[in-house]
Amino acid sequence: MPAVAVAYYSAQGHTHELAVAVGEGAGGVAGTTVELVRLLDPDIQNGRWKNDGQLATLNAADAVVFGTPTHMGGYSAQMKAFIDACSGVWYRQGWKDKIAAGFTHSQGLSGDKLNTLQGLVVNAMQHGMV
Ligand SMILES: Cc1cc2nc3c(=O)[nH]c(=O)nc-3n(C[C@H](O)[C@H](O)[C@H](O)COP(=O)(O)O)c2cc1C
């Protein structure tokens, strides 16, 4: 049974709404399970995210969808704290060959979201994801 995890940060709820929609879409495929993994500010200490339970969910997933608001033309600092904290996973290529996808939300019609999405792609490529 394919497992999809949606790892996302949302300060004000807009990206959360997108995460719910992504989860509903993926969950609409027969036999697919979806876990929403919302990254929380209290799990970020000294600039690094840590939540072993959430990380275990991501490690067990077949696909990880990354979501973040666009902040100053890139992914949010909270998403960066999460991405950097997952460098240990990168070191052992623990997510290699998992499916990756990404989304962002911003206030502006453009808002420089492209750079955010490119940042998520580069992270996925570093992990050897598809
Ligand atoms: C620090 C900060 C920087 C932001 N930078 C941008 C930006 O570069 N482009 C843009 O269109 N919106 C920008 N916004 C607006 C957010 O992208 C927008 O409020 C988004 O909906 C927040 O998502 P959330 O509700 O999931 O937290 C910024 C907001 C904050 C707080």
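Nothing fancy with the numbering, it's 1 onward along the sequence. Order of appearance sets the numbers: ligands from 1, and atoms from 1 within every ligand.
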* **For Phe82, ring pair (Phe, Tyr, Trp, His ring centres under 6.0 Å) partners two or more places apart** => Trp49
* First locate atom CE of Met1, then atom CG of Asp62, and finally report the distance between them rounded to the nearest 0.5 Å. => 11.0 Å
* Only one of Ile83, Leu40, Leu39, Asp41 passes side-chain contact (heavy atoms from CB on, under 4.5 Å) with Gln78; say which it is. => Asp41
* Structure fact -> Tracing side-chain contacts under 4.5 Å among Ile, Leu, Val, Met, Phe, Trp and Tyr outward from Val4 reaches Val6, Tyr8, Leu18, Val20, Val22, Val34, Leu36, Val65, Phe103
* In Å and rounded to the nearest 0.5 Å, what is the OG to NE2 distance from Ser87 to His127? -> 8.0 Å
* **ring pair (Phe, Tyr, Trp, His ring centres under 6.0 Å) partners for His71, two or more places apart** => none
* Hey, which residues fall under 4.0 Å of ligand 1 on heavy atoms? -> Ser10, Ala11, Gln12, Gly13, His14, Thr15, Pro69, Thr70, His71, Met72, Gly73, His105, Ser106, Gln107, Gly108, Gly111
